[in-house]
Amino acid sequence: MSLVVTGATGQLGRLAVTALLAKGVPADQILALGRDEERLAGLAALGVRTQRVDYADRASLDAAFAGAERVLFVSGSEVGSRLPQHRNVIEAAKDGGVRLLAYTSISNADTAGLGLAAEHKATEEAIVASGVPHTFLRNSWYLENYTDHLATYLEHGAVLGAAGDGKVSAATRADYAEAAASALLAEQPAAVYELGGAAFGLAELAATVAEATGQDVTYVDVPAPELVSALVGGGVPQPFAEVLADADLGLGRGELYVDPADLAGLLGRPATTLADAVRAAA
Ligand SMILES: NC(=O)c1ccc[n+]([C@@H]2O[C@H](COP(=O)([O-])OP(=O)(O)OC[C@H]3O[C@@H](n4cnc5c(N)ncnc54)[C@H](OP(=O)(O)O)[C@@H]3O)[C@@H](O)[C@H]2O)c1
């Protein structure tokens, strides 16, 4: 079977390529796509085929999808510019006769109000309208969004957020990637997977960091504008700080909460827990 992974030069996409290889897919059946030449060369070293594409360049996508049976379509990273890029991917998949387009979306994309969900919802709608057979891999938050900031939590003795007591079903990129590989290879993938691990609140995140490190860390809930100011003060660019604060508000409304069953089902085991991920990062 001819499989294509877009965004393979990124963190999730590369993990999906290695998950496909680990599942026994022959390397020459995998075509890994991305823009960054250096990271494409790194993928080629795994034995897979590589090709440079830009979602903004329709001709590059047409060339990459010729003969492709199944495509793992990793959403682009240029928030705000993604819809026209994603439309190019969808149209190229349609014209190339792709038989399964597996799109990495966001939790509850059809109903969530957080800003990040809008492009995912519109992309899902465009995929449905295209008639290309599809599966939506609606990923919740990455656990790495938290574990990558352990040093900051320890420095301040605090996890700062605007999520109230909302719960997030975060899971590791590696688990989402393995699940994506399973869905891509499934005989009859579901139309929608709501993917996430065991849910936790940010107070539990703080308590877990405290337990794993033996240091005092508590959750400090602040209004969203205050969170934006604190993030900007810590060097986060204003637009991204606003996206993060908006995501916390969505988290507070339960929009990044999902039943862990879909992810566990694709993995054939429970997802990596918050405690294990924090311990590994600590
Ligand atoms: N669930 C979450 O918590 C969460 C958090 C962050 C992001 N996301 C979403 O999940 C996606 C994957 O996450 P990640 O951590 O793997 O992100 P990442 O490491 O930034 O990787 C993004 C990938 O998308 C590719 N890409 C972006 N724009 C492109 C374009 N115009 N044409 C072709 N390729 C393009 C990048 O290619 P090059 O690097 O080669 O340019 C890279 O391979 C992100 O793109 C974003 O949509 C989700």
Side-chain angles (χ1 to χ4, degrees), residues 1-21 25 27-106 109 115-139 142 173 176-177 180-181 183-184 237 239-240 243:
M1 180 154 42
S2 162
L3 304 175
V4 175
V5 178
T6 78
T9 46
Q11 300 165 89
L12 181 73
R14 186 185 166 97
L15 287 165
V17 169
T18 54
L20 288 168
L21 292 170
V25 176
D28 63 0
Q29 289 183 15
I30 301 171
L31 176 62
L33 307 179
R35 288 176 301 185
D36 185 283
E37 300 280 4
E38 216 170 290
R39 288 199 295 268
L40 280 172
L43 285 159
L46 298 174
V48 302
R49 293 177 294 123
T50 63
Q51 201 161 318
R52 190 179 187 283
V53 298
D54 190 328
Y55 294 162
D57 174 4
R58 172 67 201 271
S60 70
L61 293 161
D62 287 339
F65 290 171
E69 284 172 67
R70 294 185 168 206
V71 175
L72 174 59
F73 172 14
V74 173
S75 50
S77 46
E78 288 151 3
V79 175
S81 312
R82 292 188 287 188
L83 193 52
Q85 297 178 350
H86 287 180
R87 284 190 194 284
N88 281 339
V89 177
I90 296 161
E91 284 162 19
K94 183 178 181 183
D95 290 352
V98 166
R99 285 188 241 150
L100 179 72
L101 189 59
Y103 172 65
T104 64
S105 185
I106 196 168
L116 277 177
E119 288 174 315
H120 289 295
K121 179 174 191 271
T123 301
E124 288 192 1
E125 288 169 353
I127 291 172
V128 170
S130 75
V132 177
H134 59 269
T135 178
F136 296 145
L137 305 165
R138 289 184 178 163
N139 294 343
Y142 296 150
R173 278 190 185 87
Y176 289 127
L184 199 65
F240 189 50
V243 166

Nearest 0.5 angstrom please: [X] [atom1] to [Y] [atom2], how far?
{"X": "Leu61", "Y": "Asp54", "atom1": "CG", "atom2": "CG", "result": "8.0 Å"}
{"X": "Gln85", "Y": "Glu119", "atom1": "CD", "atom2": "CD", "result": "8.5 Å"}
{"X": "Glu124", "Y": "His134", "atom1": "CD", "atom2": "NE2", "result": "8.0 Å"}
{"X": "Leu101", "Y": "Ile127", "atom1": "CG", "atom2": "CD1", "result": "4.5 Å"}
{"X": "Ser105", "Y": "Lys121", "atom1": "OG", "atom2": "NZ", "result": "11.0 Å"}
{"X": "Leu21", "Y": "Ile30", "atom1": "CG", "atom2": "CD1", "result": "4.0 Å"}

4.5 Å side-chain heavy-atom contact, Leu43 and Thr9: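 Yes; the side chains approach each other to less than 4.5 Å.
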Side chains of Phe65 and Val53 in contact at under 4.5 Å (non-hydrogen atoms):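 Sidechains of Val53 and Phe65: no contact.
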Set of residues satisfying side chain to side chain contact (heavy atoms under 4.5 Å, CB included) with respect to Ala177, sequence neighbours excluded: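 Only Leu12, Leu15, Ala16 meet the side chain to side chain contact (heavy atoms under 4.5 Å, CB included) criterion with Ala177.
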Partner residues of Ala183 under the side chain to side chain contact (heavy atoms under 4.5 Å, CB included) criterion, sequence neighbours left out: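 Partners of Ala183 under the side chain to side chain contact (heavy atoms under 4.5 Å, CB included) test: Leu137, Tyr193, Leu266.
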Closest heavy-atom contact between [X] and [Y]?
{"X": "Leu33", "Y": "Leu40", "value": "C-CD2, 4.1 Å"}
{"X": "Tyr55", "Y": "Val89", "value": "CD2-CG2, 3.5 Å"}
{"X": "Ser130", "Y": "Ile90", "value": "CB-CG2, 3.5 Å"}
{"X": "Val4", "Y": "Ala68", "value": "CG2-CB, 3.5 Å"}
{"X": "Ala8", "Y": "Val5", "value": "CB-O, 3.7 Å"}
{"X": "Pro84", "Y": "Ser81", "value": "CD-O, 3.6 Å"}

Leu100 vs Thr135, side-chain contact (heavy atoms from CB on, under 4.5 Å): CA-CA, chis, key distance, verdict: CA-CA 7 Å; Leu100 179 72; Thr135 178; 4.2 Å; yes
Side chain to side chain donor-acceptor pair (under 3.5 Å): pairs with one or both residues in residues 32-50, sequence neighbours excluded: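 Passing the test, one end in residues 32-50: Arg35-Glu78.
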Pairs involving residues 62-76, ordered by first then second residue, that meet side chain to side chain donor-acceptor pair (under 3.5 Å) (sequence neighbours left out):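 Listed by first then second residue: Arg58-Asp62, Ser75-Thr104.
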Salt bridge (Lys or Arg N to Asp or Glu O under 4.0 Å) partners for Lys94, two or more places apart: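 Expected list: none.
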Evaluation steps, side-chain contact (heavy atoms from CB on, under 4.5 Å), between Leu46 and Thr18: CA-CA 8 Å; Leu46 298 174; Thr18 54; 4.0 Å; yes
Counterpart residues, ring pair (Phe, Tyr, Trp, His ring centres under 6.0 Å), relative to His86 (two or more places apart):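 Residues passing ring pair (Phe, Tyr, Trp, His ring centres under 6.0 Å) with His86: Phe73, Tyr103.
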